[in-house]
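Below is one structure, written out as structure tokens, with a few remarks after it.
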Amino acid sequence: MLDIKVIRANPEEVMRKLNKRGGEFKIPQVLELDEKRRELLGVVEELKGKRNKVSEEIAKIKKQKGDADSLILDMKEVSDKIKEGDDNVKKIEEEISTILLNIPNTPNDDVPKGDSDEDNKEIRKWGEPAEFPYEPKAHWDIGEDLGILDFATAGKVTGTRFTFYRGLGARLERSLINFMLDTHISNGYTEILPPYMANSKSMQGTGQLPKFEVDMFKVNNTDYYLIPTAEVPVTNIHREEILEGVDFPIKYVAYSACFRAEAGSAGRDTRGLIRQHQFNKVELVKFAHPEHSYEDLESLTNDAERILQLLELPYRVVCLSTGDLGFSSAKTYDLEVWMPSYNRYVEISSCSNFEDFQARRADIKFKEGPKGKAKFVHTLNGSGIAVGRTVAAILENYQQEDGSVIIPKAIRNYMGGINKITR
RNA sequence: GGAGAGGUGUCCGAGUGGUCGAAGGUGGCAGUCUCGAAAACUGCUGCACCGUAAGGUGCCGGGAGUUCGAAUCUCCCCCUCUCCGCCA
């Protein structure tokens with residue numbers, strides 16, 4: 001959520017930044033409502049002041065056993081006016097908040113302007129895509145041929161966009177989770193195993209609600225949603241808190257299953273592990289000091305990259321353009337892994353700095369020393385990394401002509417020494 | 001799921017429908033004392049909003065209500081604890 005004070009102080013600046021994203025934003029309406037609110041507030045508060053004063057008088061009179069009936073009668077009228085005024089203020093505040101909750105974050109100035117992912121800017125590349133002397137197979141074919149991925153059975157048991165992993169496939173997924181967690185823990189992240197459901201307040205805190213309700217699964221007859229990412233429960237750990245005496249950044253790593261309705265993506269990536277309703281992800285979350293959050297974004301991105309480097313998977317880093325930038329984010333780097341059967345790079349991690357956008361929604365502040373004033377923290381997160389897509393990338397990049405798949409060296413210990421999956 | 005107890009400031013804890021933003025303690029800050037520290041003593045010490053300011057308004061788990069006036073009374077919801085039931 002943007003700061004109404006910032007909008008009030010320099011509306012042109014805010015509009016200029018938002019316009020980079022394209023689309024219409026109701027900044028003028030917010031300003032108008034804000035003006036109206038302050039006007040009304042003055043009137044109501046004056047009435048309340050009167051009520052407080054006269055109530056005190058009534059108390060005195062009653063103590064001296066005097067007659068306060070006429071004063072009480074007057075106050076009845078004042079009280080009604082206050083009630084009416086309060087209702088009006090509340091209504092305007094709700095209107096303002098509805099608009100603000102639907103306005104995206106302002107992009108950082110070095111985010112490239114663009115209409116879509118085609119305008120994303122490549123920052124760096126790592127590794128060389130392998131040359132295949134034959135047509136490389138897609139991971140869903142490799143996985144099914146090896147008997148380690150079973151999409152058909154998942155379709156019967158649950159529905160489309162779900163998968164059964166079997167045997168070494170299941171073990172590979174589990175090994176990757178442990179490998180990623182261990183790697184990040186050794187880098188100073190504290191491990192979290194969060195709830196897979198979160199309430200609507202938490203969803204609003206990180207920005208999924210109110211705008212993106214259709215993208216989530218809601219649990220019937222409750223206020224709970226299945227989490228689309230561990231970012232939600234982990235960021236909300238510190239909701240409505242003032243962090244005091246902490247060393248920034250606070251670093252958490254969390255494995256969780258993630259659930260996404262994938263509304264509006266019918267027909268896209270329908271095969272394989274790329275776009276599932278349920279997938280596993282190891283997520284990095286940081287709470288940062290506002291003055292250092294962009295350094296923290298760089299190091300967070302590096303921490304995610306390390307996983308791909310250790311697995312020896314070729315990838316590139318792109319800076320998302322305003323056309324591809326998420327609602328809550330001020331700046332995002334995507335990690336894209338090379339996928340031979342797609343003959344292109346595919347997103348496998350997304351690392352973002354939300355600045356104080358989420359912190360303001362979730363009310364997460366910090367204090368520098370006991371005398372300091374509480375200020376909003378900056379929140380960041382990034383996939384470290386998407387596990388299902390990593391399995392897909394390993395199957396494709398490490399495939400052999402005979403249909404077997406070599407296990408990357410970094411995870412062989414986790415696989416009990418197995419170095420190859422064969423039929 | 002059933003029965004009960006409770007949610008007050010950094011924390012602990014008191015609170016009569018009417019000078020209660022809230023006693024007392026604890027913590028924090030500043031000062032006195034000291035070579036210095038501890039102890040003791042004194043003072044200060046919450047947040048948000050409106051306002052250039054003076055100042056004002058709101059906040060005692062959340063919401064609604066009763067009342068001229070609510071931390072205090074009523075209703076609904078949330079959370080914590082104890083006991084019982086059920087359960088991996």
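Sequence lines set the chain letters: A, B, ... in the order given, protein chains first and strands last, and positions in each chain run from 1. Basis for what follows: all heavy atoms, side chains included, without hydrogens, waters or symmetry-related copies.
Partners of D3(A) by salt bridge (Lys or Arg N to Asp or Glu O under 4.0 Å), not counting sequence neighbours, listed by chain and number: R360(A). Scanning for ring-ring contact (aromatic ring centres under 6.0 Å, His included) contacts around F357(A) gives F327(A), with sequence neighbours left out. Partners of K137(A) by salt bridge (Lys or Arg N to Asp or Glu O under 4.0 Å), not counting sequence neighbours, listed by chain and number: D145(A). Residues passing the salt bridge (Lys or Arg N to Asp or Glu O under 4.0 Å) test with K50(A): none are found, sequence neighbours excluded.
Residue contacts for D74(A): at a heavy-atom cut-off of 4.0 Å it reaches no nucleic acid atom on any strand shown.
Remark: the separation of the C1' atoms in rC59(B) and rA22(B) is 12 Å, to the nearest Å. On the C1' atoms, rC79(B) is 15 Å away from rG63(B), given to the nearest whole Å. A distance of about 13 Å separates the C1' atoms of rU8(B) and rA23(B), rounded to the whole Å. Rounded to a whole angstrom, the distance from the C1' atom of rG2(B) to that of rG69(B) is 40 Å. Here, rA71(B) and rU16(B) have their P atoms 13 Å apart, quoted to the whole Å. To the nearest whole angstrom, the two P atoms, one in rG62(B) and one in rA70(B), are 16 Å apart. rG61(B) and rG43(B) are spaced 30 Å apart, taking the P atom of each and rounding to whole Å. A gap of 33 Å separates the C1' atoms of rU82(B) and rG46(B), to the nearest Å.
Against RNA chain B, the stretch residues 193-209 of chain A makes no heavy-atom approach under 4.0 Å.
Between the side chains of Q358(A) and T379(A), a donor-acceptor pair is found at a separation under 3.5 Å. Counted by atom type alone, D334(A) and S350(A) present one or more donor-acceptor pairs between their side chains at under 3.5 Å. Side-chain contact of S202(A) with N199(A): a donor-acceptor pair under 3.5 Å is present, judged by distance alone.
Taking the six-membered ring for Trp and thresholds of 30 and 60 degrees, H238(A) and F287(A) have ring planes more than 60 degrees apart, a perpendicular arrangement.
Among residue pairs with one or both ends in residues 301-313 of chain A, those qualifying as side-chain hydrogen bond (donor to acceptor under 3.5 Å, both in side chains) are R124(A)-E305(A), Y189(A)-D303(A), N302(A)-E305(A), D303(A)-R306(A), E305(A)-Y315(A), Q309(A)-Y315(A); sequence neighbours excluded. Pairs passing the salt bridge (Lys or Arg N to Asp or Glu O under 4.0 Å) check and including a residue from residues 188-213 of chain A, sequence neighbours excluded, read K201(A)-E240(A).
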Listed pairs under 3.5 Å, donor-acceptor, residues 273-285 of chain A side chains, sequence neighbours left out:
| from | atom 1 | to | atom 2 | distance (Å) |
| --- | --- | --- | --- | --- |
| R275(A) | NE | D269(A) | OD2 | 3.1 |
| R275(A) | NH1 | E262(A) | OE1 | 3.2 |
| R275(A) | NH2 | D269(A) | OD2 | 3.0 |
| Q276(A) | OE1 | T163(A) | N | 3.4 |
| Q276(A) | OE1 | T163(A) | OG1 | 2.5 |
| Q276(A) | NE2 | G272(A) | O | 3.1 |
| H277(A) | ND1 | R260(A) | O | 2.8 |
| H277(A) | ND1 | A261(A) | O | 3.4 |
| N280(A) | OD1 | Y255(A) | OH | 2.6 |
| N280(A) | ND2 | E173(A) | OE2 | 2.7 |
| K281(A) | NZ | T229(A) | OG1 | 2.8 |
| K281(A) | NZ | E283(A) | OE1 | 2.7 |

For residues 72-79 of chain A, tabulate all N or O donor-acceptor pairs below 3.5 Å that involve a side-chain atom, not counting sequence neighbours.
none

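By the 4.0 Å N-to-carboxylate-O rule, E45(A) lies too far from K48(A) to be salt-bridged with it.
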Nucleotide-resolved protein contact map, nucleotides 63-77 of chain B, B/S/- at heavy-atom distance under 4.0 Å: -S-S-BS--------
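Nucleotides of RNA chain B nearest to K60(A) and K48(A) differ in position, and the one nearer the 5' end is that of K60(A).
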Dot-bracket for RNA chain B: what is it, with Watson-Crick or G-U pairs under 3.5 Å, [ ] where a pair crosses earlier ones, and | for a pair to another strand? ((((((((..[[..)..(.....]].((((((.......))))))(((((....))))).[[[[[..)....]]]]])))))))....
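Within a 6.0 Å radius of CD in E32(A), other residues, nucleotides and ligands contribute 12 heavy atoms or fewer.
Atoms CD (E240(A)) and P (rC78(B)) sit 17 Å apart, rounded to a whole Å.
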For nucleotides 48-51 of chain B, list the nitrogen or oxygen atoms of the protein found under 3.5 Å from its nitrogen or oxygen atoms, one pair per line.
| from | atom 1 | to | atom 2 | distance (Å) |
| --- | --- | --- | --- | --- |
| rA48(B) | OP1 | K373(A) | NZ | 3.4 |
| rA48(B) | OP2 | K373(A) | NZ | 3.3 |
| rC49(B) | OP1 | K5(A) | NZ | 3.2 |
| rC49(B) | O2' | R37(A) | NH2 | 3.1 |
| rC50(B) | OP1 | R8(A) | NH2 | 2.9 |
| rG51(B) | OP1 | R38(A) | NH1 | 2.8 |

